[in-house]
Amino acid sequence: MVRVALVGSQFAEQLRTNPEALGEVEVAWVGSEVAALERQLPALRVDALALEVADQAGLSADSIRSLVSRSHAELAVVSYGFTTRAFLRDLRDERIRVLQAPLSLGSLRAHLAFLLVRDLLSARPASNVACACVSETERAASALIELEARERSCPHRDRLGAATHAQLDALSREARDALQRAVTLVRPPAPRS
């Protein structure tokens with residue numbers, strides 16, 4: 001399971017109003033202050049961090065990189081409102097994605113798609129199929145997870161109508177079920193011990 005720590009009042013509010021917004025991503029910690037997260041950090045074991053820098057006055061790029069490093073997270077998604085170009089430039093790191101606020105939890109989930117696909121496939125041994133089907137199936141699964149996240153956070157849900165989005169949800173579920181069966185074909189389940 002992919003575990004994430006969320007730092008920021010907007011993330012906390014979104015989670016409160018829509019607890020299912022992150023789907024199968026487990027929220028290991030949620031709060032509004034980096035200092036509170038730092039006290040819990042050693043025991044959390046998170047795969048990703050999401051941080052709203054607008055809520056963290058005086059937080060430097062160096063302190064964000066240090067936080068990511070100490071958390072051992074593979075990915076940090078940093079959302080910002082108004083900041084300087086120098087701050088954004090200083091945040092450059094292969095594990096940090098910087099996105100303009102507001103950032104919905106659905107969009108955050110889309111940025112975690114590669115972690116979700118890897119988690120889905122991690123319990124399965126490598127396939128002995130000697131073709132590109134394995135990587136193509138993994139890419140399709142990743143693309144579907146990203147599509148579902150974008151659809152859930154669609155700002156035009158009301159304009160398209162509830163019925164249209166209900167149909168999209170149902171078709172997406174069917175496609176996800178089919179892809180999971182395909183993944184089983186190219187990466188059979190691990191033998192039981």
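Nothing fancy with the numbering, it's 1 onward along the sequence.
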Going hydrophobic residue to hydrophobic residue with side-chain gaps under 4.5 angstrom, can you get from Leu59 over to Leu67? yes
Check whether any side-chain heavy atom of Leu75 sits under 4.5 Å from a side-chain heavy atom of Arg97, and report yes or no. yes
Flag the pair Gln14 / Ser104 as yes when at least one side-chain heavy-atom distance between them is below 4.5 Å, and no otherwise. yes
Side-chain (Arg3) to main-chain (Ala48) donor-acceptor, under 3.5 angstrom: no
When rounded to the nearest 0.5 Å, the distance separating CG of Leu51 from CG of Leu103 is 11.0 Å
Heavy-atom pair of closest approach, residues Ser32 and Ser9: CB-N, 4.4 Å
How far does CG of Asp47 sit from CG of Leu112, to the nearest 0.5 angstrom? 9.0 Å
Any Val78 side-chain heavy atom under 4.5 Å of Leu99 side chain: no
Checking side chain to side chain contact (heavy atoms under 4.5 Å, CB included) for the pair Val7/Glu33: CA distance, chi angles, key distance, verdict? CA-CA 6 Å; Val7 184; Glu33 295 180 13; 6.0 Å; no
Tell me, do Val2 and Val4 make a side-chain contact under 4.5 Å, heavy atoms counted? no
Look at the side-chain heavy atoms of Ile, Leu, Val, Met, Phe, Trp and Tyr, link any pair under 4.5 Å apart, and say whether Val77 and Leu15 land in one connected group. yes
Do Phe82 and Val53 have side chains that get closer than 4.5 Å, going by heavy atoms? no
Which heavy atom of Ala76 sits nearest a heavy atom of Val68, and at what distance? CB-CG2, 3.4 Å
Point-to-point distance, once rounded to the nearest 0.5 Å, from CG of Leu88 to CD of Gln100: 9.0 Å
Are Phe11 and Tyr80 joined in one hydrophobic group, where the rule is that I, L, V, M, F, W and Y side chains link up if heavy atoms are under 4.5 Å apart? no
So does Arg95 have more than 12 non-hydrogen atoms from other groups sitting under 6.0 Å from CZ? yes
Closest non-hydrogen atoms of Leu22 and Leu105, given as atom of the first, atom of the second and distance, are CD2-O, 3.3 Å
Polar contact flag, side-chain donor to acceptor under 3.5 angstrom, Ser66-Arg70: yes
Distance col, row His72:NE2 vs Leu44:CG, nearest 0.5 angstrom, shows 11.5 Å
What are the two closest heavy atoms between Val46 and Ala28, and how far apart are they? CG1-CB, 3.8 Å
Would you give the length of the straight line joining atom CD of Glu52 to atom CG of Leu6, rounded to the nearest 0.5 angstrom? 9.0 Å
Hey, mind stepping through Ser63 and Ser60 against side chain to side chain donor-acceptor pair (under 3.5 Å) and telling me if it holds? CA-CA 5 Å; Ser63 58; Ser60 70; 3.1 Å; yes
Trp29 side, atom CH2; Ser71 side, atom OG - distance, nearest 0.5 Å: 12.5 Å
